[in-house]
Structures are given as C-alpha cells and as structure tokens.
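So the structure is just underneath, and the comments pick up after that.
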Protein chains: 2
Amino acid sequence: MANETHALNERAQLLLKTLVERYIADGQPVGSRALSKFSGLDLSPASIRNVMADLEDMGFITSPHTSAGRIPTPRGYRFFVDTLLTVKPLDRVEINQLEGQLQVENTQKLVASASHVLSEITRFAGVVVTPRRSAGFRHIEFLRLAEKRLLLILVTAEGDVQNRIIQTEKAYTPSELIEAANMLNQNFAGCTFEEIRRRIQSELKQLREDMSQLMAAALAAGDQAVSDSAEDVVISGEINLLGINDLSSNMSKLRDLFNLFEHRATLLQLLDVSSRAQGVQIFIGGEAGLTPLDECSVVTAPYEVDGKIVGTVGVIGPTRMAYERVIPIVDITAKLLSSALTQR
Amino acid sequence: MANETHALNERAQLLLKTLVERYIADGQPVGSRALSKFSGLDLSPASIRNVMADLEDMGFITSPHTSAGRIPTPRGYRFFVDTLLTVKPLDRVEINQLEGQLQVENTQKLVASASHVLSEITRFAGVVVTPRRSAGFRHIEFLRLAEKRLLLILVTAEGDVQNRIIQTEKAYTPSELIEAANMLNQNFAGCTFEEIRRRIQSELKQLREDMSQLMAAALAAGDQAVSDSAEDVVISGEINLLGINDLSSNMSKLRDLFNLFEHRATLLQLLDVSSRAQGVQIFIGGEAGLTPLDECSVVTAPYEVDGKIVGTVGVIGPTRMAYERVIPIVDITAKLLSSALTQR
DNA sequence: TGCCAGCACTCTCTGCGTCAGAGCGCCAAT
DNA sequence: ATTGGCGCTCTGACGCAGAGAGTGCTGGCA
C-alpha cells in the first residue's frame with residue numbers, strides 16, 4: 001500500500017502504458033472500457049477504474065471532465081517516455097533515406113537540410129542549432145568589380161566563406177589589391193580577428209595610408225563573420241504544426257508558439273540546455289519553462305565534430321506525439337550530422 | 001437610367017467609397033444607418049438603402065445575410081482601388097526608416113531584408129522574387145583545407161559568391177591549385193559555364209590529367225551557381241497572417257494558404273505576371289486564379305537594375321487591407337531595392 | 001421626381017432547457 | 001481481489017424563443 005503511492009505495480013504500469021499509447025494514437029480520452037479491451041489483461045472495466053483512480057491520485061493521468069476518459073498528464077508522459085517506452089530502431093532503409101536527403105555541399109546547406117529532413121519525416125517542426133565556431137582568419141581576396149567597387153571574399157578558419165561588396169574612395173589597381181591580400185594572408189593566417197585588429201593598430205603608422213581602407217573593410221567583414229557565425233537556430237516545417245489538431249484548436253496559443261519561433265534567442269537557450277547532456281533528451285509540455293510550449297514536446301539530441309558537441313538537432317511537436325518514432329529519428333539525424341561534419 | 005447600370009453616379013461612388021473604407025476599418029458589414037452617418041451626404045438611411053440596392057445589383061457589394069449590412073465584393077474592391085482610392089505618399093521619415101532597414105551587404109541579404117521590412121511594416125507577409133541573373137564566370141579560387149580537401153570559391157559575373165568543399169583523390173600542391181585557378185581565370189573569365197564546358201571538352205586531351213578533377217569540380221560548382229541563381233521567392237512574416245481574423249477563422253483555408261507559400265513555383269508564376277507591367281499592381285481575391293488566395297490580396301511592384309526589370313516585391317494580406325497605406329509602401333520598397341541594386 | 005418615415009419581414013445570435021451518450025465512483029456480491 | 005450494477009455527472013447536439021440589426025417596400029410629401 002505505502003508501496004503503491006511511490007512506485008507503480010506492474011499492472012498499473014501496463015495500464016498507464018496502454019492508456020498513453022491509445023491516447024497518442026487517437027487523441028481521444030481513454031475510458032475504462034477501451035483500456036480493458038486493449039490492455040491485454042483480462043480485467044473488467046470496473047477493476048480498471050480502480051487502478052485509473054489510483055493513477056489519477058498519483059498525478060499520472062487526469063480527466064478533462066467528469067464523464068470523459070482519462071488523458072496523460074505531463075508527469076504521465078514523463079514516466080511513459082522514461083520507463084515504459086520501447087523505441088524500435090530505424091530500418092537500414094530509413095537511415096539511408098535520411099542520409100540521402102542531407103545536402104553536404106557546405107555547412108549551411110547541411111544544417112538547413114537536416115532541419116528540413118526532420119520536419120519532413122516527422123511532419124512536425126525540425127530545428128537545428130548551427131555549430132558554434134571560433135572565428136579565425138584563414139584567407140582573404142579582393143576582387144575588382146568596377147573602378148571603385150570591390151568584392152571582398154573572406155574565408156574563416158573553419159572554411160566558411162563571407163563575401164561583401166565595398167565601395168572604396170580610391171580606385172585601387174589590381175596589383176595593389178593583390179598586395180593587400182597577400183599582406184593579410186601571409187601575416188595573419190590563423191589569427192583571430194581580435195589579434196589582427198590589435199596588431200594592425202600598433203603597426204598602423206608603418207602601414208601605407210591607402211591600404212588602411214582595405215584593412216578596415218577586411219576587419220569589418222571579419223567582425224560580421226564572427227557575429228554571423230554566432231549560434232543560431234534554423235527551423236523548418238513550422239507549417240506542419242498548423243495541421244496538428246491539438247495545437248490549432250486554440251488559435252492564440254498557436255500564435256504564441258509561432259512568436260516563440262521568431263524569437264531565436266529564447267529558443268536557443270532551451271536548446272542549449274540539451275547540448276550539455278549526451279544522447280536524446282525530451283522536454284515535455286512546459287518542462288522547459290516556456291509557456292508557449294505548454295502543449296508541445298521537444299525532442300533533441302546533440303551533434304558533434306571530432307568528439308566535441310557543437311550543436312543540437314531536434315523536433316518540436318505536440319506532446320501527443322509518437323515518441324517511439326521521433327526519438328530514433330532525431331537520434332540518427334544527430335549522428336548523421338556529426339559524421340557529415342566530421343568528414344569535412 | 002440606362003446610364004446607371006454601367007457607370008456609377010457621383011453619389012453612388014461616394015457611398016461605395018465610404019462603405020469600403022468603413023468595412024476595411026472595422027471589418028463589420030456596413031448598414032445604411034452607418035453609411036448615412038459617415039458618408040458626409042445628408043441623406044436618410046432609407047434613401048441610402050435605395051442606392052445600396054443598386055450597388056448590390058451591379059455586383060459591387062453583397063450582404064452576408066438578409067439582415068446584415070453590406071460588404072464589398074471583389075469587384076467592389078477592384079473598383080475601389082482603381083478609381084476611388086486616394087493614396088497618400090509616404091513621409092520622408094517613413095521612407096528613411098524603410099531605407100535604413102535594408103541590409104546592403106550583398107544581394108541575398110538585401111532581398112531577404114526587403115521581404116522582412118515589408119512584412120514588418122505592413123504586418124502582412126512580405127514577398128520578393130530574387131533577381132534573375134545570367135550566370136557568367138568571373139573568378140575562381142582553390143583553397144587547401146587539408147591534404148585532400150579543398151575549398152572552392154567561385155565568383156559569378158554578377159558578383160555572387162558560391163563556395164563548396166570538395167574531396168579530391170589526389171593531394172594537390174598549392175602551386176598546382178594556383179595554376180589551375182589561373183588557367184581558368186585567364187582563359188574563361190566572362191564566359192558562360194556552358195561555353196567553358198564546351199571548350200574544356202574539346203581541349204581535354206591537351207589538359208594534364210591531374211587537372212581534370214579540379215575542372216570538373218569547378219564546372220559542377222558553376223552549374224550549382226546557375227541553378228541557385230534561378231529565380232526564387234523569399235517570403236517573410238507569414239506568421240503575421242495568423243493574426244488576421246479574416247483569414248484565421250477558417251483553419252483549412254489558412255492551411256491551404258501556407259501550403260501555397262511552400263509551393264514556390266506556383267507563387268513565382270503569379271508574381272512573374274506582375275513583372276510584365278510597370279508600377280504597382282494589385283490582385284484582389286482569386287483574381288490571380290489561385291483559390292487559396294480567395295480572401296487575400298496581393299500588392300506587387302517590379303524592381304529593376306539599370307532600367308531592366310529583374311524581379312518583383314510585394315505584400316500578401318487579407319483582401320480587407322488598408323490599400324492606401326500598403327500601395328505606397330510596396331512602391332517605395334521596389335524603388336529602394338532598385339536603387340540599392342543598381343549601385344552595386 | 002426625389003426623398004424619407006414607418007412598418008413588416010428576415011436573418012443571426014444568444015441563452016435556455018431537454019435529451020442521449022459516455023464514463024465514473026461506489027457498493028454489494030462473489 | 002474482482003466484478004456487475006446502479007446512480008451521478010458532464011458534454012454535445014438539438015430545438016426554440018426573444019432580442020437586435022438591417023433590409024425592402026409603401027405611401028406621403030415637397
């Protein structure tokens with residue numbers, strides 16, 4: 001007895017499990033009759049009602065109103081995913097399919113396609129935190145577009161390419177441009193932009209005056225690269241959530257949710273948490289502390305480059321989602337992303 | 001009499017105008033009493049009812065049901081925007097504000113920010129068709145990332161920068177890379193990729209074998225650049241439309257609308273039409289032939305580079321929108337975009 | 001001829017009451 | 001411990017009446 005208030009006996013667990021499964025499957029509150037049919041146990045609805053009452057007391061399930069069946073509470077979902085859920089790993093076929101849809105041309109495309117694939121395959125919103133990169137300098141190029149217009153191409157240590165068009169006051173000759181680029185490439189390759197800034201500052205007097213605008217532009221582009229490469233969140237398939245009945249019923253909540261999506265910083269904070277732990281993490285309902293996510297769950301997994309965690313992939317969907325399907329998908333996607341990034 | 005069935009007399013026009021204005025303002029069907037108060041004419045509701053009946057016969061207005069006021073039909077809106085609407089040009093201040101929010105660093109950012117600004121300022125969805133560019137070759141660079149990994153940087157004639165990481169079979173020396181780049185830069189600058197492909201093919205035998213992989217990669221990147229630079233539609237602020245009562249009432253229509261947004265090709269077709277004409281164009285309701293846009297209007301304006309139309313900007317919002325505000329905004333945005341693009 | 005007050009009519013919207021259906025809790029019997 | 005049975009409660013659908021809004025029409029007036 002005292003036992004039952006803390007731990008669930010096997011029967012209660014089985015019933016909770018089938019209840020959650022049925023609710024996830026058809027979204028209707030589950031009554032004692034249905035449970036008696038589907039649990040596999042040979043119990044009458046009346047007996048089941050007793051157990052259900054206990055489960056309700058313990059806070060695992062609740063009824064929307066007196067004469068409806070029961071639905072899982074967040075706590076019920078939590079227990080379900082933590083100890084009752086049996087995930088079946090993906091088929092080799094599905095993995096290949098997933099892998100085939102990742103576009104490996106460059107990091108941005110890779111991240112974008114990962115997010116897109118997640119949303120396509122789960123039909124929820126896919127989300128990826130872009131890898132954080134320490135912005136070092138590798139290579140620069142000035143390309144003459146017109147008399148006083150240059151295209152500046154900047155490659156960071158991580159192989160990201162930044163480009164911007166700059167208007168110059170003076171018309172540089174091709175050889176001057178090459179000279180400036182060489183000067184930067186030879187002296188500063190491998191440095192951070194902060195270092196470059198310091199060293200240029202101190203050597204400014206020696207610097208030929210007509211070079212200084214080019215240097216300034218280069219540094220500005222560098223700063224841009226740093227800020228661009230700050231962590232960011234890529235979301236796709238938000239539209240899928242419009243189709244989810246659980247969410248689209250109360251319009252104002254839905255609006256809040258989409259507003260959250262626009263508010264990258266908040267989202268980032270949530271997803272960052274998940275990158276502390278290894279493996280798949282699940283946030284159920286408001287567990288993340290964000291009210292717009294009340295009826296949502298977030299399934300995340302960190303991905304890594306060379307053994308170091310650099311970002312997070314995930315799926316945002318209704319709390320009533322098929323976890324046993326979503327979890328392996330997110331897991332594999334993180335692994336695929338890791339390996340695609342490590343190769344480069 | 002016969003006159004009235006074709007053209008509207010002044011009184012009818014004024015009443016239609018105030019009716020549309022009032023309906024746009026508060027979204028409620030407008031009754032004869034309200035019209036008599038707000039029209040400025042000194043007429044009793046009863047007289048106004050006669051005119052309204054005529055307007056209804058002519059198809060400019062309709063009533064949702066017997067005892068409601070009248071609302072404009074698409075034809076009513078059409079007449080309104082064509083001949084009754086008085087747009088007030090934007091303040092200098094507003095223009096500056098608009099201009100300040102455009103990010104001119106490079107074409108992609110410019111287009112994205114234009115779309116974003118439109119959505120922010122109108123609180124509807126902003127949409128921009130990216131400029132079509134003939135993809136010519138300008139410059140290429142091979143950068144060694146690791147032994148058998150190169151970063152390929154490709155600059156098109158229009159100054160767009162493509163980059164991709166390639167794995168090579170052979171470990172190239174820096175001087176080989178420079179040689180390959182030089183070879184391409186000197187011989188093919190200004191050519192289309194099609195030309196390059198032909199000429200390389202014909203000279204393939206003379207080409208040192210170890211260079212061919214680099215050439216192939218360069219051409220592949222070029223093709224990518226061509227296809228990437230194909231026209232595309234950038235949408236932002238779709239979420240704003242969630243908040244519009246006219247649209248969010250019937251969920252399924254809203255879904256259709258968002259599906260349309262995902263279906264770039266269809267949207268492109270619609271927006272391309274608008275780039276045939278000069279100046280602001282307005283599509284009301286389903287005039288564009290797309291059912292998901294039934295309750296929407298699209299306000300567009302083409303923008304140009306060096307006097308040649310290269311794309312379209314626009315706003316998608318509910319048919320019940322404040323046209324007199326949206327029209328100048330779209331107009332000015334197109335002009336700002338034109339001038340920003342022409343400068344580069 | 002144009003305008004308008006008045007009136008009957010129609011339609012929506014709201015609230016109320018009823019009724020069937022679903023499901024529960026409790027209790028007594030096994 | 002399990003279970004059949006009974007009464008209770010709540011929802012959702014339905015129908016109905018009354019209020020409110022706005023129209024169309026008619027007949028009178030300048």
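Every chain is numbered from 1 and lettered A, B, ... according to where its sequence line falls, protein lines coming before strand lines. Because only heavy atoms are used, hydrogens play no part in the values below, and waters and symmetry mates are left out as well, while side chains stay in.
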For DNA chain D, whose closest nucleotide is more 5', that of A/H65 or that of B/V30? A/H65

Quick one: B/L55 CG to D/dT23 C1', roughly how many Å, whole number? 15 Å

Indicate, with yes or no, if the rings of A/F261 and A/F258 have centres closer together than 6.0 Å. yes

Which is more 5' along DNA chain C, the nucleotide nearest A/S67 or the one nearest B/S44? Just name the residue. B/S44

Rounded to the nearest Å, what distance is computed from the CG atom of residue A/D57 to the P atom of nucleotide C/dC26? 10 Å

Lys/Arg-Asp/Glu bridge criterion (N-O < 4.0 Å) met for B/R320, B/E295: no

Please step through side-chain contact (heavy atoms from CB on, under 4.5 Å) for the pair A/D294 and A/T319, ending with a clear verdict. CA-CA 8 Å; A/D294 260 2; A/T319 301; over 6 Å; no

What integer distance in Å separates B/D54:CG from D/dC25:P? 11 Å

D/dT9, OP1 or OP2 - any side-chain N/O from A/T66 closer than 4.0 Å? no

So, B/S236 and B/S115: side-chain donor and acceptor under 3.5 Å apart, yes or no? yes

Of all the choices, C/dC11, D/dG5, D/dC10, which nucleotide is nearest to the side chain of A/A46 once you look at every atom? D/dG5

Take the protein atom CZ of A/R33 and the nucleotide atom C1' of D/dG4, then report the distance between them rounded to whole Å. 13 Å

Is there, by distance only and without an angle test, a donor paired with an acceptor across the side chain of B/R70 and the base of D/dG24 below 3.5 Å? no

If you check every side-chain atom of A/R49, which of D/dC10, D/dC25, D/dG5 has the closest atom? D/dG5

Would you find more than 12 non-hydrogen atoms of other residues, nucleotides or ligands less than 6.0 Å from B/D82 atom CG? yes

Using whole Å, what does the distance between atom C1' of nucleotide C/dA22 and atom CD1 of A/I48 come to? 16 Å

Whole-Å gap separating C1' (C/dC4) and CG (B/D42): 12 Å

The nucleotide from D/dT23, C/dG25, D/dT9 with an atom nearest the side chain of A/A53 is C/dG25

Quick check on contacts: within residues 15-25 of chain B, what sits under 4.0 Å from DNA chain C by heavy-atom distance? none

D/dC10, C/dG25, D/dG24: which one has an atom nearest the side-chain heavy atoms of A/E56? C/dG25

With sugar-phosphate meaning primed atoms plus P, OP1 and OP2, does B/N50 contact a base, only sugar-phosphate, or nothing at under 4.0 Å between heavy atoms? nothing

Whole-Å distance, B/I71 CD1 to C/dT12 P, equals 14 Å

For A/P29 and A/I71, work out which heavy atoms get closest and say how close. CA-CG2, 3.7 Å

Which residues pass the side-chain contact (heavy atoms from CB on, under 4.5 Å) test with A/T122, not counting sequence neighbours? A/F124, A/V315, A/V326, A/I329

Quick check for you: among C/dC3, D/dT3, C/dG6, whose closest atom lies nearest to any side-chain atom of B/R11? C/dC3

In this structure, how many angstroms lie between the P atom of D/dA1 and the CG atom of A/L43, rounded? 13 Å

B/L35 and B/L19: which non-hydrogen atoms are nearest, and at how many Å? CD2-N, 3.7 Å

A/S47 side-chain proximity, nearest of C/dG6, C/dG21, D/dT2: D/dT2

When you measure from the side chain of A/S32, which nucleotide among D/dG24, C/dC24, D/dT3 comes out closest? C/dC24

